[in-house]
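Counting starts at 1 for both ligands and their atoms, in listed order. What you see is a predicted model; the values in this text were computed from it and never measured.
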Amino acid sequence: MKIETLAIHSGNQIDANTGAAIQPITLSTTFERGKDGDYPGGYIYSRATNPNRKALENVIAALENGAEACAFSTGNSAGMSVFQALEPGSHIICPDDMYHGLRNQLKLLFAGILTFDFVDYTQPEQIFDAIKRETKLIWAETPSNPLLKLCDIELIAHIAKEHQLIFVVDNTFASPICQQPLSLGADIVMHSTTKYMNGHSDVTGGVLVTKEVNEFWDKIKIVQSYGGAVPAPFDCYLVTRGIKTLPYRMRGHVANAQALAEFLEAHPAVELVYYPGLKSHPQHELAKKQMLAFGGMLSFLLKDGEEKAKQVINGLKIFTQATSLGGVESLIEHRYAVEGPDTKTPKNLLRVSVGLEHIDDLIADLEAVL
Ligand SMILES: *Cc1c(COP(=O)(O)O)cnc(C)c1O
């Protein structure tokens, strides 16, 4: 089946007792045993597994073309489960512009347990050079935040395979509609479902999807059920509901982002636009090769510096000045202020999560302040 059909049907189970067409929310933490002590429905206790979580995991595994998925309470706990599943002393290679929440997690929580190097993934030889005897995993994120840099998934998968390393891709910015890392050779895909998957800025969640069930994946499942950073049934229900419209929402995000990027690129107040769908993007050819569509995120630099950037975000009427991304409403953010002094993000950069409002209204709002 095609992805639009999978998004609607593979996370839903018609209720056998009532015939409810939409799977009900199962709040019960515990499930009745059969006479012989087993569990006829397959459920025991909600930290270990829950019908709504199962539905969510099923639909996301289907969308990413994976064997199985594990859902978590946030994107960061999904990422943390990967790091926790590694043996102490393992070395990880990460991009130098890794999502700052996960970069800080490694630096603040895993220092002394794991070792890691942050290198520039647009120069794949740097990945190659960073590999040492203890290296167990390569972590990638593409497009990256907030400079929309890409890395070549197929090429890195090749390097990982040659050195028997686990290759994980954070696919949050692209969504499975715009990019399918498992089909390009990745072993595991990670998402913050807080973003496009849920799509309505009202749930936090995360997920991992594996291409195949193996020893490492079994370890991740142990982290999920014994670590217990699992999403509530209601949150799973909301994300499963959001996913039904994901393919159509992404088309709108992509079309609006492309139009907005072209408008900004032509505007005299703008120095540079970062969007993989622009011909001027230094990796536009790679974007065409590995992405199915160019996503809904863009960043731009203002000619008149940080002052002008602040003036723009404060003058907008439709765009909300807020962090996060992937919701139906457009958000804009001065990333430098969020990421702190050790960031490489330029001070005159604004990051936009392009929403689903009418493109004419979005352009008019920006035009008025630029
Ligand atoms: C938001 C985000 C995360 C973390 O997800 P949370 O749900 O906020 O914990 C990880 N990676 C990327 C690319 C993100 O945008």
Enquirer: Please collect all side-chain hydrogen bond (donor to acceptor under 3.5 Å, both in side chains) contacts where either partner lies in residues 104-116, sequence neighbours excluded, each pair once.
Expert: none
Enquirer: Only counting residues at least two apart or in another chain, list the ones meeting side chain to side chain donor-acceptor pair (under 3.5 Å) with E262.
Expert: Q258
Enquirer: Please list all pairs passing the side-chain hydrogen bond (donor to acceptor under 3.5 Å, both in side chains) test where one or both residues lie in residues 24-36, with sequence neighbours left out.
Expert: R33-Y39
Enquirer: Are K347 and E307 close enough for a salt bridge, meaning some N to O gap below 4.0 Å?
Expert: no
Enquirer: For ligand 1, find each of its N or O atoms that sits under 3.5 Å from a protein N or O atom, and tabulate the pairs with distances to one decimal place.
Expert:
from, atom 1, to, atom 2, distance (Å)
ligand 1, 5 (O), S192, OG, 3.1
ligand 1, 7 (O), G75, N, 2.9
ligand 1, 7 (O), S192, OG, 2.8
ligand 1, 7 (O), T194, OG1, 2.7
ligand 1, 9 (O), G75, N, 3.1
ligand 1, 9 (O), N76, N, 2.8
ligand 1, 11 (N), D170, OD2, 2.7
ligand 1, 15 (O), K195, NZ, 2.8

Enquirer: Can we say E333 and R335 salt-bridge, meaning some charged N sits less than 4.0 Å from an Asp/Glu carboxylate O?
Expert: yes
Enquirer: Check this for me: does any side-chain nitrogen of one of E57 and R53 sit under 4.0 Å from a carboxylate oxygen of the other?
Expert: yes
